[in-house]
Protein chains: 2
Amino acid sequence: MQRPSLRIAASQMTDAQRELEPLTPKTLVDQAVEAIIQAAATGVFLPGDRVIEAEVARRLNVSRVPIREALRLLESQGILVNVPYRGMRLMEVDAGRLRKILEVRLALETFAAFKLQEMCKTDPATIAPLDRICADLVAAAKRGDTYGIATLDTKFHRTLCTLTGNEVLVATWEPLSSQLTIIFGLATLQIDMESIAREHSDLADLIRSGRRSALEANLRLHILDSPQSIDFDALIERRKASAGRKKR
Amino acid sequence: MQRPSLRIAASQMTDAQRELEPLTPKTLVDQAVEAIIQAAATGVFLPGDRVIEAEVARRLNVSRVPIREALRLLESQGILVNVPYRGMRLMEVDAGRLRKILEVRLALETFAAFKLQEMCKTDPATIAPLDRICADLVAAAKRGDTYGIATLDTKFHRTLCTLTGNEVLVATWEPLSSQLTIIFGLATLQIDMESIAREHSDLADLIRSGRRSALEANLRLHILDSPQSIDFDALIERRKASAGRKKR
DNA sequence: GCCGCGCTTATCGTATACAATACTCTATCT
DNA sequence: AGATAGAGTATTGTATACGATAAGCGCGGC
């Protein structure tokens, strides 16, 4: 699960250190985890749905064992809820839970942003990667690439954590990110892409500026309030309706 | 993993809501998780040690399957590190990693403490459970109960998170706590029990007082600095030496 | 003597088979 | 008619068996 972050670190190596990547083998468990998250994000599974081992196994053409391990992993990330002998369900989400997730995420990223602010004082180049992502974000907004926007948005915030050099922070942040991915799914199209790009640039500038309380306030606004503006409950209802399933 | 928190919530129910607990069955996976954490905390496994499925399975008298799932769970909590086809190892710890864990924990608990401060303004009874724990802590210190101190210490901080009503926060906090349990193991005897009890009472008072920056500073001191004072690297070396194993 | 090659063994990854538990539906009793 | 007990089915939990991969060791070539 922390492997993606390692890959990011690798892509940031200087030429002197550049080597062939270690390329760790992907086991079925890893693939299953990805597949399940993706399925949840694209609405194949809906919040509250049961996730049946045998069914997943059959659809992915593997046995139940690796699936079980993948499900356990997702359980401990809060994405699935397990009751012994009664099976796994995708997490139930409502506006309240969304807010709780966002609040925790805010706490983590505020810490990260403050830390980066400190690091910038000695070396302003620290946050160069954030600027790069902001540039990509602007480009994606220009060409109306909603998928790109969503990906880069997540990447920005992950990088925010990564740059602190605290792997524990990244590892702690990751499950929250996964949960949000699943909750929002493809809902990103609802929002104004230009403003997304601008908000991130502002954040990067504020980190650079060294103004602590302004950064804090802005981050709070960016994380907590922006997503709240979309009509969440309606979104959930719409997704449920579009699938039109009853197997609860 | 979040089941303990549920149990806590149950013990705080008012009489009106009090019912028989749902009593969920304990599968071998759950038991295995507990056993492994305990083993790690008591020094049966040392940081960096390999944790071999078959061996654990044999010693717990179960097959490998439930063990594998338990190990996956612990992996995603950062307690174990897995490299495909090469097995699991207990996390490697040094002073740097300890600090990283503590920093993230501080970020989470600061958020929790601030939130409780807000909640106290409308209902001061909110943090009554913390006061109770503080009382127990004093009692434990009086009778020199080191194990009780350690347990109550953890319980205080978990309750700090629980009282915010944000389950996501608790779930995010829990893995950090487990990691710290393993790192410190039985090292609690090194420290002054009276001062531990006092520090927690001070924190509770500060939450009640509503003084924001004083609370922040005190929490930082309590979480970050106090544990740093013990000679960490020496502790690790001592534990490794006392086991005298070489199987790395 | 040292380096590289292939074999052996330990261990992990996956599949299959069986046991335990919970849900569902029907038949029966009151 | 309603409730209830029971059988049958679906699904999860666990055990065993087999295949895949990597570390360790001895052999032969240079």
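Every value quoted in this text rests on a predicted model; they were computed, and no experiment measured them. Chain letters run A, B, ... following the sequence lines, proteins first and then strands; every chain starts at 1.
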Could you tell me which residues satisfy side chain to side chain contact (heavy atoms under 4.5 Å, CB included) with [X], sequence neighbours excluded, listed by chain and number?
{"X": "A:Met119", "answer": "A:Lys115, A:Leu116, A:Thr126"}
{"X": "A:Val56", "answer": "A:Ile36, A:Phe45, A:Val51, A:Leu60, A:Ile67"}
{"X": "B:Ala107", "answer": "A:Phe111"}

B/S/- contact track for nucleotides 6-13 of chain C, protein heavy atom under 4.0 Å: -----SBB
Bounds of contact between DNA chain D and chain B, in 5' to 3' order, using a heavy-atom cut-off under 4.0 Å: D:dT14 to D:dA23
Does [X] have any salt bridge (charged side-chain N to carboxylate O under 4.0 Å, His left out) partners at least two apart in sequence or in another chain, and if so, which?
{"X": "B:Arg64", "value": "B:Glu53"}
{"X": "A:Glu167", "value": "B:Lys100"}
{"X": "A:Arg105", "value": "A:Glu109"}

Residues two or more places apart in sequence or in another chain: which of them pass side-chain hydrogen bond (donor to acceptor under 3.5 Å, both in side chains) with B:Thr27? B:Asp30
